[in-house]
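What's counted below: heavy atoms across the whole structure, side chains too, no hydrogens, waters or symmetry copies. All chains are named by letter (A, B, ...) in the order of the sequence lines, taking the proteins before the strands, and each is independently numbered beginning at 1.
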Protein chains: 2
Amino acid sequence: MYSSELIKGTLRTIVLKLLADGNKMYGYEITQRVKELTGNKIQLTEGALYPTLHAMEAEGVLSTHTENVGNRIRKYYGITRSGKKLAGEKLSEYRDFINTMVTLLDLQLKIG
Amino acid sequence: MYSSELIKGTLRTIVLKLLADGNKMYGYEITQRVKELTGNKIQLTEGALYPTLHAMEAEGVLSTHTENVGNRIRKYYGITRSGKKLAGEKLSEYRDFINTMVTLLDLQLKIG
DNA sequence: TTATATACCTAATATTCTTATGTATTATTT
DNA sequence: AAATAATACATAAGAATATTAGGTATATAA
């Protein structure tokens with residue numbers, strides 16, 4: 001786990017990336033997927049994620065529909081056309097930012 | 001310039017890196033140096049930097065002394081022993097975080 | 001002489017997170 | 001069978017960290 005302030009500002013980008021290829025996900029699933037993809041290093045908190053998902057829906061970058069699984073409700077989020085556009089912009093911007101920070105801080109990254 | 005939320009959480013790390021090798025700097029100089037090192041991409045705002053420098057001094061990771069240049073005062077910040085330790089930790093943590101984000105977002109970075 | 005650059009600072013506000021709390025269903029362990 | 005953990009949603013108080021705007025003052029360039 002990282003000291004949490006590093007996550008700040010990256011949450012929307014993470015969500016957009018996960019949904020960018022068109023597959024829908026529900027909130028809890030996003031937390032688990034991120035946890036899995038990062039080897040438990042990033043654990044999104046629900047208190048951060050849910051309000052962000054609501055905001056992104058209100059902004060028109062995500063759309064939702066609910067599905068019933070037994071007696072439980074899942075609220076699935078999918079990306080909209082404008083969300084797809086935003087995903088490209090955000091990812092490009094973040095990549096550029098990372099490059100800048102790597103230079104500024106003289107970081108040695110893993111090669112992959 | 002990046003949408004500013006990306007900078008969040010990195011300011012202390014940037015300051016620690018710049019001062020980690022022992023050379024002292026004053027606030028305004030830090031803003032100019034970061035601007036120069038990032039090709040104008042990161043412009044620290046004084047409203048963020050000065051309170052952060054004060055906090056870091058209060059926390060004992062930075063120490064200060066003032067110098068007069070003509071009739072102007074410069075407040076120089078230097079790193080303390082505990083600051084040097086923190087710098088190592090923060091930079092290591094940030095490098096690890098970047099590696100994780102690169103994997104998670106599948107980013108293609110410049111090779112350097 | 002007017003604007004820009006240098007150099008410090010604070011305060012109000014905004015954003016984004018953590019932590020805590022709440023509800024409810026389903027699966028697992030004791 | 002009962003207790004706990006996992007699943008799944010949500011909100012609210014508070015903390016942290018930034019922006020924006022404002023203030024003071026000296027030095028330099030147009």
Between [X] ([atom1]) and [N] ([atom2]), how many Å, whole number?
X: A/Y76; N: D/dT7; atom1: OH; atom2: P; answer: 14 Å
X: A/L49; N: C/dC17; atom1: CG; atom2: P; answer: 10 Å
X: A/L44; N: D/dT7; atom1: CG; atom2: P; answer: 15 Å
X: B/L53; N: D/dT17; atom1: CG; atom2: P; answer: 14 Å
X: B/I73; N: D/dT24; atom1: CD1; atom2: C1'; answer: 12 Å
X: A/Q43; N: C/dC17; atom1: CD; atom2: P; answer: 16 Å
X: B/R72; N: C/dC8; atom1: CZ; atom2: C1'; answer: 10 Å
X: B/E67; N: C/dT6; atom1: CD; atom2: P; answer: 18 Å

If you compare every side-chain N and O of [X] against the phosphate oxygens of [N] (OP1, OP2), does one of them come in below 4.0 Å?
X: A/H54; N: D/dC9; value: no
X: B/R74; N: C/dA7; value: yes
X: A/T52; N: C/dC17; value: yes
X: B/Y28; N: C/dT6; value: yes
X: A/Y50; N: D/dT11; value: no

Just verifying a value: how many Å separate B/R81 CZ and B/K84 NZ, rounded to the nearest 0.5 Å?
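Here the rounded value is 9.0 Å.
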
Taken to the nearest 0.5 Å, the spacing of A/E46 CD from A/Y28 OH works out to 7.5 Å

Residue pair B/G27/A/T45 against DNA chain C: nearer the 5' end by closest nucleotide is B/G27

The answer to which of B/E29 and A/G47 contacts DNA chain C further toward the 5' end, by nearest nucleotide, is B/E29

Applying side chain to side chain donor-acceptor pair (under 3.5 Å) between B/T64 and each of B/E57, B/H54, B/K75, B/K24, report the one that passes.
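Only match with B/T64 under side chain to side chain donor-acceptor pair (under 3.5 Å): B/E57.
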
Checklist entry - Quick one: does A/L105's side chain get under 4.5 Å of B/R95's, heavy atoms only? => result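 No, side chains not in contact.
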
With respect to the side chain of [X], which nucleotide from [options] is positioned closest?
X: A/Q32; options: D/dT7, C/dT16, D/dA27; value: D/dT7
X: A/K75; options: D/dT7, D/dA8, D/dA10; value: D/dA10
X: A/P51; options: D/dT11, C/dC17, D/dA18; value: D/dT11

Of A/V69 and A/A48, the one whose nearest nucleotide on DNA chain D sits closer to the 5' end is A/V69

- Between A/L19 and A/Y77, which heavy-atom pair has the shortest distance, and what is it?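 Heavy atoms of A/L19 and A/Y77 come nearest at CD2-O, 3.7 Å.
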
